[in-house]
Chemist: 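Before we start, here is the structure in question, set down as structure tokens.
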Amino acid sequence: LLRSSVEAMSCECGVDPWLVLSGGLCRADAEEFDDAAAHMEEEPEDLQNPSALAWVDQNASQRERLEAEFANYALSLVGGRGASMMSATPVESARPELQFWACIDERECSFRRHLEEAGGPRVETFGIAGFFDFPVRYRSADGAAECILAPEGSNPKHVATERFVDDAAKDRYLRRRRIFANIELAWERWSFCPVRSLLMSFLLWPFSAMHLLFFTTFPATKRRLVDAFEHSVNPRPSTRLESTMSPSEAARSLATVFRYLGLSRDMSRMAPMVVVIGHGSRTVNNPFDAAHNC
């Protein structure tokens with residue numbers, strides 16, 4: 001279909017389609033542009049789209065002038081930055097006292113801008129894509145299912161396993177957690193039974209009313225209260241991470257991150273204190289937001 005369209009356009013312009021088609025395409029584009037300009041010379045004001053980078057409104061009759069202003073504006077910004085980077089005597093900036101390395105998506109932009117404004121030249125922030133170039137499969141010590149910590153579609157070969165440091169604390173933690181899980185399961189089963197649910201509502205109505213109030217009105221507060229209660233009754237023991245990634249492979253991944261940040265050539269630009277900030281994310285039934293699964 002594409003080749004048929006090109007051949008038809010070339011034949012209309014009087015160009016042999018078996019020869020080089022660049023001349024025919026240029027002539028066809030010029031003829032289409034002239035036709036569009038003739039039809040839009042008297043375009044109403046409300047059909048014009050204002051441009052954020054050029055003074056000319058975006059319409060077909062002003063396309064070349066719009067592109068010229070856009071190029072001049074964009075290249076002046078890029079050229080000014082590029083000139084300082086390519087010059088023989090680059091402008092030296094002071095070494096920052098603190099650096100924040102975070103995810104590159106827009107959810108970190110707010111506190112990154114705040115840190116840069118509050119700290120001035122002493123604070124520097126960076127956004128890093130691709131899970132800090134450390135794609136792994138993560139296995140939690142709690143027995144949860146293995147999850148992939150890597151960009152969508154990746155199949156990491158390395159595994160990071162979390163293990164409890166103290167076996168006695170591990171057994172106590174898992175035993176109490178199992179008790180809480182059984183209580184929650186029994187509550188759910190009783191709530192689905194007509195007779196038991198009425199009995200629960202009659203005997204435990206203060207707790208049911210409080211639960212319903214917080215669940216519908218203050219869900220975040222309810223979650224924090226539940227987490228605080230579980231942490232006070234059954235605190236999580238200390239853990240350690242064991243990875244199948246060798247030190248040389250980890251060093252290569254870290255070198256890639258340094259190259260992304262522009263620190264591979266001049267390590268003196270690295271601040272004496274570096275804070276690496278990660279975050280969790282969960283996207284359900286929203287394919288457009290799947291890029292936030294980091």
Side-chain angles (χ1 to χ4, degrees), residues 2 52-53 74 77-78 81-82 85 93 96 98-119 123-165 219-220 223-224 227 236-294:
L2 178 61
L53 296 178
L77 298 178
V78 178
R81 177 65 174 170
M85 297 175 63
S93 57
L98 179 64
Q99 287 179 340
F100 282 84
W101 298 1
C103 183
I104 200 172
D105 68 37
E106 75 281 0
R107 290 174 292 186
E108 281 71 29
C109 288
S110 58
F111 73 81
R112 285 182 58 193
R113 299 291 84 82
H114 175 72
L115 291 171
E116 292 172 351
E117 293 177 2
V123 178
E124 195 172 46
T125 68
F126 292 100
I128 305 175
F131 286 76
F132 299 95
D133 202 53
F134 280 88
V136 295
R137 297 177 178 271
Y138 174 69
R139 295 175 183 172
S140 174
D142 296 339
E146 179 183 273
C147 63
I148 294 178
L149 302 181
E152 292 291 333
S154 301
N155 187 21
K157 63 178 181 179
H158 295 293
V159 180
T161 305
E162 183 186 28
R163 301 187 186 277
F164 290 106
V165 176
R223 184 70 261 173
R224 286 194 294 267
D227 291 343
R236 198 171 192 270
S238 301
T239 59
R240 68 177 185 273
L241 280 178
E242 298 178 358
S243 176
T244 59
M245 183 179 294
S246 65
S248 59
E249 291 174 316
R252 284 195 295 269
S253 296
L254 193 58
T256 302
V257 174
F258 290 159
R259 186 165 60 252
Y260 290 161
L261 304 182
L263 301 174
S264 57
R265 295 185 178 181
D266 185 11
M267 294 299 294
S268 63
R269 283 289 305 154
M270 181 175 289
M273 179 179 293
V274 177
V275 179
V276 181
I277 304 176
H279 66 87
S281 176
R282 184 166 180 258
T283 302
V284 179
N285 198 24
N286 188 352
F288 300 102
D289 202 30
H292 282 156
N293 284 346
C294 52

Chemist: Are L261 and M270 packed together at the side-chain level, in the sense that at least one heavy-atom pair is separated by less than 4.5 angstrom?
Modeler: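 Not touching, per the 4.5 Å side-chain cut-off.
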Chemist: Roughly how far, to the nearest 0.5 Å, is the CZ atom of R139 from the CD atom of E146?
Modeler: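 Going from CD on E146 over to CZ on R139, the span is 4.5 Å.
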Chemist: Are the side chain of S154 and the backbone N or O of P156 linked by a donor-acceptor pair below 3.5 Å?
Modeler: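 No, the answer is negative, given that no donor and acceptor are paired below the 3.5 Å cut-off.
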Chemist: Just wondering, more than 12 heavy atoms not from M273 lying within 6.0 Å of its CE?
Modeler: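 Check fails, neighbour count at 12 or below.
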Chemist: Run the ring pair (Phe, Tyr, Trp, His ring centres under 6.0 Å) test against F164 and tell me which residues pass, sequence neighbours left out.
Modeler: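 F164 satisfies ring pair (Phe, Tyr, Trp, His ring centres under 6.0 Å) with Y173 once adjacent residues are dropped.
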Chemist: Please find the pair of heavy atoms, one from E162 and one from S140, that lie closest to each other, and give the distance.
Modeler: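 Taking E162 first and S140 second, the nearest heavy atoms are OE1-OG, 3.5 Å.
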Chemist: Once rounded to the nearest 0.5 Å, what's the spacing between atom CZ of F132 and atom CG of L149?
Modeler: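 Here the interatomic distance stands at 11.5 Å.
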Chemist: Between atom CG of L263 and atom CG of L254, what is the distance when rounded to the nearest 0.5 Å?
Modeler: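 The CG atom of L254 is 10.0 Å from CG of L263, to the nearest 0.5 Å.
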Chemist: Take Y138 and L241, measure what side chain to side chain contact (heavy atoms under 4.5 Å, CB included) needs, and give me the verdict at the end.
Modeler: CA-CA 10 Å; Y138 174 69; L241 280 178; 4.0 Å; yes
Chemist: Find the distance between CH2 (W101) and CD (E124) and round it off to the nearest 0.5 Å.
Modeler: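 The distance works out to 10.5 Å.
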Chemist: Between CD of E108 and CZ of F100, what distance do you get to the nearest 0.5 Å?
Modeler: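 Spacing of CD (E108) from CZ (F100) equals 12.5 Å.
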Chemist: Please round to the nearest 0.5 Å and tell me the distance separating atom SG of C103 and atom CZ of R112.
Modeler: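 One finds 9.5 Å between SG of C103 and CZ of R112.
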Chemist: Quick check against the 3.5 Å criterion: does T244 have a side-chain atom that pairs as donor or acceptor with the backbone of V159?
Modeler: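 Yes: the side chain of T244 pairs with the backbone of V159.
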Chemist: Side-chain contact, heavy-atom cut-off 4.5 Å: R269 with P96?
Modeler: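 Counting from C-beta outward, R269 and P96 do come under 4.5 Å.
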Chemist: Under a 4.5 Å cut-off applied to non-hydrogen side-chain atoms, are R113 and T125 in contact?
Modeler: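 When only atoms from C-beta onward are counted, T125 and R113 do touch, with a gap below 4.5 Å.
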